[in-house]
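Atoms within a ligand are numbered from 1 in the order they appear, just like the ligands themselves. Here the structure is a predicted model, which means the values were calculated and not measured.
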Amino acid sequence: MLAIDGSMDAPRKCDVLIAGAGPAGLATALYLQKRRPELAGRVVALDKAAHPRFKVCAGGLIPKTLLALDELGIALDVPAVDIVNGEARTEVGDVDLSRGDVLCRVVRRDQFDAMLARQARDAGLEIVEHCRVLDVVQEGGLPRVETDRGPFEARVLIGADGSGSRVRRAVFGSAKDAVGRALMIDMPVNPETAREFVEHRYVFDFRCVSGGISGYCWSFPCVIDGRPHLNLGIYDQLPRRDRGIAGEQALMLSELRKAFPQLPLDGLERRTLNWHAFPIRWFQRADRYSVDNVVLAGDAAGVDPLMGEGISCAFEHGKHAAAAVSRFLEGDAQALNKYDEHLHRGSIGRKLAILGFAARNFYGRQHRAFFRIASLSRRAQEIGVDWYNGAAHVDELPPAALLTRWARAVLFGGSVR
Ligand SMILES: Cc1cc2nc3c(=O)[nH]c(=O)nc-3n(C[C@H](O)[C@H](O)[C@H](O)COP(=O)(O)OP(=O)(O)OC[C@H]3O[C@@H](n4cnc5c(N)ncnc54)[C@H](O)[C@@H]3O)c2cc1C
């Protein structure tokens with residue numbers, strides 16, 4: 001930034017700079033603080049907003065995220081609705097997703113993110129709020145971040161600034177073809193009659209695939225300011241540009257109405273204040289996640305293409321980014337490249353690649369055939385749910401071990417966990 005006398009502002013220096021204090025940025029900080037407590041005061045996060053801040057999100061924490069919180073020693077001390085029953089509606093029939101234990105805990109993101117920020121601050125993270133990242137330039141190998149509150153310089157920069165990441169755009173380029181769209185509505189309900197509350201149930205409805213949406217509708221019970229609500233929404237992994245934004249939103253709202261005809265969803269096109277739309281960047285194998293001293297995490301890096309679930313990815317990226325940054329600060333010059341390699345070839349990369357394959361097929365031209373195959377075996381469905389949810393870390397098993405457990409569980413019964 002140019003000062004009044006024409007000179008450049010001297011940058012504020014730190015060891016690790018994190019752009020974005022959402023789950024990905026905060027998880028990176030929390031894992032880093034756990035590994036290297038002596039870094040307290042040398043790690044800075046920048047956020048354009050201030051916690052607690054609204055975030056368009058259904059707030060479903062799958063067991064993988066809950067395991068990450070356990071690993072970090074963080075108790076979930078915000079209001080949450082536990083989901084123990086689930087169903088997926090498809091064109092070829094309904095699938096029961098219940099597993100006898102918690103499938104998901106539904107929180108509000110303003111409260112959840114503020115809780116993470118509090119924990120990270122307590123452990124020594126400085127969060128500079130109301131500070132918007134504008135650009136990143138690499139000077140002599142060191143990333144210099146231009147913000148509306150002056151420049152910052154660090155030995156390593158984590159781009160965790162969400163789907164519209166400035167860091168990604170400045171350092172990695174930004175293909176728009178891997179960005180999905182989700183739209184959501186919060187609606188007050190009577191908890192004594194709403195099935196989602198009575199049965200602690202979430203609903204996924206994939207029947208919109210035949211209506212031209214590469215995704216699904218959902219309904220989650222949640223609590224806002226102490227009052228029971230349903231969080232409803234629709235995700236489209238591949239919004240078609242030829243429809244235009246208004247056309248795409250009209251189609252999404254119409255499919256949402258079809259999925260939940262019992263709810264008062266008429267006229268939403270005119271009631272734009274009642275719903276929120278937001279992009280979700282999903283993982284692509286061809287992308288890179290580290291360049292020089294800059295790495296990406298969370299939505300900025302790309303998350304689950306099938307369901308648009310991203311909080312568990314944010315924690316997983318944060319964990320590996322923290323390990324890489326820690327090794328880098330100890331002198332391992334290749335550590336950040338290894339992070340890129342891990343995001344492609346490690347368990348998270350494998351999982352996201354499989355979810356990409358699933359999205360291409362369940363949302364592709366042969367979707368009916370794939371939903372039919374998925375409906376055949378109850379056992380295989382249970383295993384799929386455990387794997388997706390990361391229950392007992394089964395998603396981290398090496399492919400051969402997972403296949404063996406899967407084959408044994410399908411053929412002879414028993415648990416894959
Ligand atoms: C409608 C909807 C429903 C969803 N439901 C779920 C769900 O139920 N479960 C689930 O796991 N995932 C869900 N997701 C996905 C989930 O919200 C994201 O994957 C998750 O928020 C990613 O975390 P993040 O930290 O990478 O990014 P974000 O949560 O977007 O955080 C990025 C942070 O960076 C800040 N920031 C952005 N730009 C700048 C800038 N230029 N300068 C400084 N700061 C900046 C923002 O203020 C924000 O605090 C949903 C998404 C949508 C859109």
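Ligand 1 places these atoms under 4.0 Å from at least one heavy atom of Gly59: 7 (C), 8 (O). The Pro23 neighbourhood of ligand 1 comprises atoms 23 (O), 25 (O), 29 (O), with distances under 4.0 Å to a heavy atom of that residue. Set against the non-hydrogen atoms of Phe220, the atoms of ligand 1 under 4.0 Å away are 8 (O). Per-residue contacts place Lys55 under 4.0 angstrom from the following atoms of ligand 1 (heavy atoms of the residue considered): 17 (O), 21 (O), 28 (P), 29 (O), 30 (O). Short contacts between ligand 1 and Ile311, defined as distances under 4.0 Å to a heavy atom of the residue, involve ligand atoms 9 (N), 10 (C), 11 (O), 12 (N). Near Trp218, the atoms of ligand 1 lying under 4.0 angstrom from a non-hydrogen atom of the residue are 1 (C), 3 (C). Every atom of ligand 1 is numbered from 1 in the order shown, and the set under 4.0 Å from a heavy atom of Ile280 is 51 (C), 52 (C), 53 (C). In summary, the atoms of ligand 1 found under 4.0 Å from a heavy atom of Ala24, numbered by their order in the structure, are 24 (P), 25 (O), 26 (O).
Taking any N or O of Glu309, backbone or side chain, at least one lies under 3.5 Å from an N or O belonging to ligand 1. For a threshold of 3.5 Å applied to N or O pairs, the pair formed by Arg166 and ligand 1 contains no separation below that value. Backbone and side-chain nitrogen or oxygen atoms of Gly25 are examined, and none is located within less than 3.5 angstrom of a nitrogen or oxygen of ligand 1. Between Arg132 and ligand 1, not a single N/O pair is under 3.5 Å apart. Residue Pro279 has no nitrogen or oxygen atom sitting less than 3.5 Å from a nitrogen or oxygen atom of ligand 1, judged on distance alone. Between Gly60 and ligand 1, at least one N/O pair is under 3.5 Å apart.
Separation of atoms CD1 (Ile311) and CG (Asp304) is listed at 12.0 Å; rounding is to 0.5 Å.
Atom 40 (C) of ligand 1 has Val133 N, 3.7 Å as its closest protein atom, hydrogens excluded (heavy atom only). Among all protein heavy atoms, the one lying closest to atom 37 (C) of ligand 1 is Asp161 O, 3.3 Å. Closest protein heavy atom to atom 33 (C) of ligand 1: Asp47 OD2, 3.6 Å. Closest to atom 50 (C) of ligand 1 among all protein heavy atoms lies Cys57 SG, 3.7 Å. When only non-hydrogen protein atoms are considered, atom 19 (O) of ligand 1 lies nearest to Asp299 OD1, 2.6 Å. Of all protein heavy atoms, the one lying nearest to atom 39 (C) of ligand 1 is Lys48 CD, 3.7 Å. Closest to atom 3 (C) of ligand 1 among all protein heavy atoms lies Ala58 N, 3.3 Å. The single protein non-hydrogen atom nearest to atom 52 (C) of ligand 1 is Val56 O, 3.5 Å, given as residue, atom name and distance.
Stacking of Lys55 on the aromatic ring of Phe112 is not recorded, the 6.0 Å distance cut-off and the 45° axial limit not both being met. Stacking of Lys351 on the aromatic ring of Tyr388 is recorded, both the 6.0 Å distance cut-off and the 45° axial limit being met.
One N or O on the side chain of Ser163 and one on the backbone of Arg281 form a donor-acceptor pair closer than 3.5 Å.
Considering Gly298, Gly20, Ala277 only, the shortest heavy-atom separation from atom 34 (O) of ligand 1 involves Gly20. Between atom 12 (N) of ligand 1 and the options Gly310, Gly164, Cys131, Ala27, the minimum heavy-atom separation is to Gly310. Closest to atom 16 (C) of ligand 1 by heavy atom, among Lys64, Glu129, Arg109, is Arg109.
The shortest separation from a heavy atom of Arg53 to ligand 1 is under 4.0 Å, placing the residue in contact. Taking 4.0 Å as the cut-off, Gly233 does not count as a neighbour of ligand 1 on heavy-atom distance.
Between Phe220 and Trp218, the two ring planes are tilted [angle within 30° to 60°]. The aromatic rings of Phe206 and Tyr363 sit parallel to each other, their planes meeting at less than 30°, with 60° as the upper class boundary. The aromatic rings of Phe204 and Tyr216 sit perpendicular, their planes meeting at an angle over 60°, well past the 30° parallel limit. Taking the six-membered ring for Trp and thresholds of 30 and 60 degrees, Tyr289 and Phe283 have nearly parallel ring planes, at less than 30 degrees apart.
Counting only residues at least two apart or in different chains, salt bridge (charged side-chain N to carboxylate O under 4.0 Å, His left out) contacts with residues 40-54 comprise Asp15-Arg42, Arg53-Asp113.
At a heavy-atom cutoff of 4.0 Å, ligand 1 is contacted by the backbone of Ala160 but not by its side chain.
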